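The structure presented is a predicted model; accordingly, all values stated were derived computationally and were not measured. Positions are given from 1, in the same order as the sequence printed here. Indexing begins at 1, ligand by ligand and atom by atom, following the structure's order.
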Amino acid sequence: MSSVAKPQPTYKNIALVGGSGNLAAHIIEAFKQAGSEFNVTILTRHESIDKARKAIEGYSQFDIKGVDYTDKHSIVQALVGQEVAISLLAYAAFAYQPTIIEAAIEADVKWFIPSEFGVDVERHPNKTLPMFAQKLRARELLESQSKLAYTYILVGEFADVFVLPLFGIDFEKRTVNIPGKGTVPITFTSQSDIGKYTVAVLRRLPQFKNKSVLFGSFIASYDDWIAEIEQATGAKFTVIHEPLEELESRVSSYIRDKSTAYQLHAISDQIRFANGSGTVLLGPDINTYDSASFNEVVPETLHEVATRVIPK
Ligand SMILES: NC(=O)c1ccc[n+]([C@@H]2O[C@H](COP(=O)([O-])OP(=O)(O)OC[C@H]3O[C@@H](n4cnc5c(N)ncnc54)[C@H](OP(=O)(O)O)[C@@H]3O)[C@@H](O)[C@H]2O)c1
């Protein structure tokens, strides 16, 4: 455990909603390291309870409650006594977030952290992208009431899932399809760092009342990733530059006709358009991000993450 002095949290009773997922596993890991600083209650669907139970085996600071996201009463009951609720729901479950926010208000929860963990959705063109509509809806709800304080956690792109066809990186074909210029900077945070930074934010929550908190492990471009990929694999990748105007034209068609906007290829286009537009960058200097002042966390570097995730 780190010997760096840490602030004392104002709120200790934390609920993780959707607590059996991918990001949740990293946040749970960080809570394990925090020991008795927090009491953590995992809200999870009944079918996910066994998975959640395995994740916390042997750690006494955790509790698990089964819920049904279509039944507000079950969520209110599970949230009674909780001070902070962190929603970790997946994209496929964003439609349940308004119910969870209403349940948190009814249960007298003090603070809500919605399932954001991405880009600044208020920024253009992010704000126009159908894939972010539900995140904006949750923001509207939170900003239209005064009982729950809220904080939006922004992380840019998850660093450890970037080398995937969804982002234009194909290891089988050895190709990288770059949206626009390869030099455009993007903010990346590894999920392990998101876990540690989230716990660090909970130690300092009043500083981030009703605003965004910026996380970042490092800033890198597609070109930086290609250099890491070619070094790690010893192979040369074929690089294709897709003009941003072509991506923009497809993205405009999803905005006009939302029926295809949520298919995988359309999500890929929207993410890559944001990447190429430079709006996944949360700020030009990582040292000015909020996470840079969380002294108890040493962020991962591009090289460390790349070494861990690039298939050899
Ligand atoms: N910036 C990035 O690059 C990036 C990348 C990936 C994700 N994210 C964000 O990170 C957050 C968490 O994502 P994740 O990847 O950790 O999500 P995930 O593992 O796919 O799912 C999280 C939880 O959502 C619930 N869930 C999933 N599908 C559901 C369905 N069909 N019906 C009801 N509930 C469902 C489950 O809750 P139970 O535990 O109750 O079963 C699951 O454990 C999201 O806000 C996402 O947008 C950002």
Return yes when [X] approaches ligand 1 closer than 4.0 angstrom through a heavy atom, no otherwise.
X: Lys51; answer: no
X: Phe162; answer: no
X: Val161; answer: no
X: Tyr91; answer: no
X: Ser87; answer: no

Where ligand 1 meets [X] - atom numbers and elements under 4.0 angstrom, heavy-atom basis:
X: Gly118; value: 1 (N)
X: Gly19; value: 39 (O)
X: Ser48; value: 38 (P), 41 (O)
X: Ala90; value: 17 (O), 18 (P), 20 (O), 21 (O), 22 (C), 23 (C), 24 (O), 27 (C)
X: Tyr96; value: 32 (N), 33 (C)
X: Gly21; value: 19 (O), 22 (C), 43 (O)
X: Ala93; value: 26 (N), 29 (C), 33 (C), 34 (N), 35 (C)
X: Leu88; value: 12 (C), 22 (C), 23 (C)

Protein contact to [atom] [nearest heavy atom, distance to 0.1 Å]:
atom: atom 11 (C) of ligand 1; result: Ser115 OG, 3.6 Å
atom: atom 29 (C) of ligand 1; result: Arg45 NH1, 3.7 Å
atom: atom 38 (P) of ligand 1; result: Thr44 OG1, 3.3 Å

- Please test Tyr289 against Phe294 for ring-ring contact (aromatic ring centres under 6.0 Å, His included), starting from the C-alpha separation and ending with a verdict. CA-CA 10 Å; Tyr289 291 17; Phe294 303 159; over 10 Å; no
Checklist entry - Would you say ligand 1 has an N or O under 3.5 Å from any N or O of Ser20? => result yes
Logged contact type for Phe94 with ligand 1, heavy-atom cut-off 4.0 Å, is side chain
Under 4.0 Å between heavy atoms, the region of Lys135 that gets near ligand 1 turns out to be side chain
Which of Arg204, Lys196, Lys6 passes salt bridge (Lys or Arg N to Asp or Glu O under 4.0 Å) with Glu296? It is Arg204
Closest to atom 6 (C) of ligand 1 (heavy atoms only, candidates Phe158, Tyr69, Phe117) is Phe158
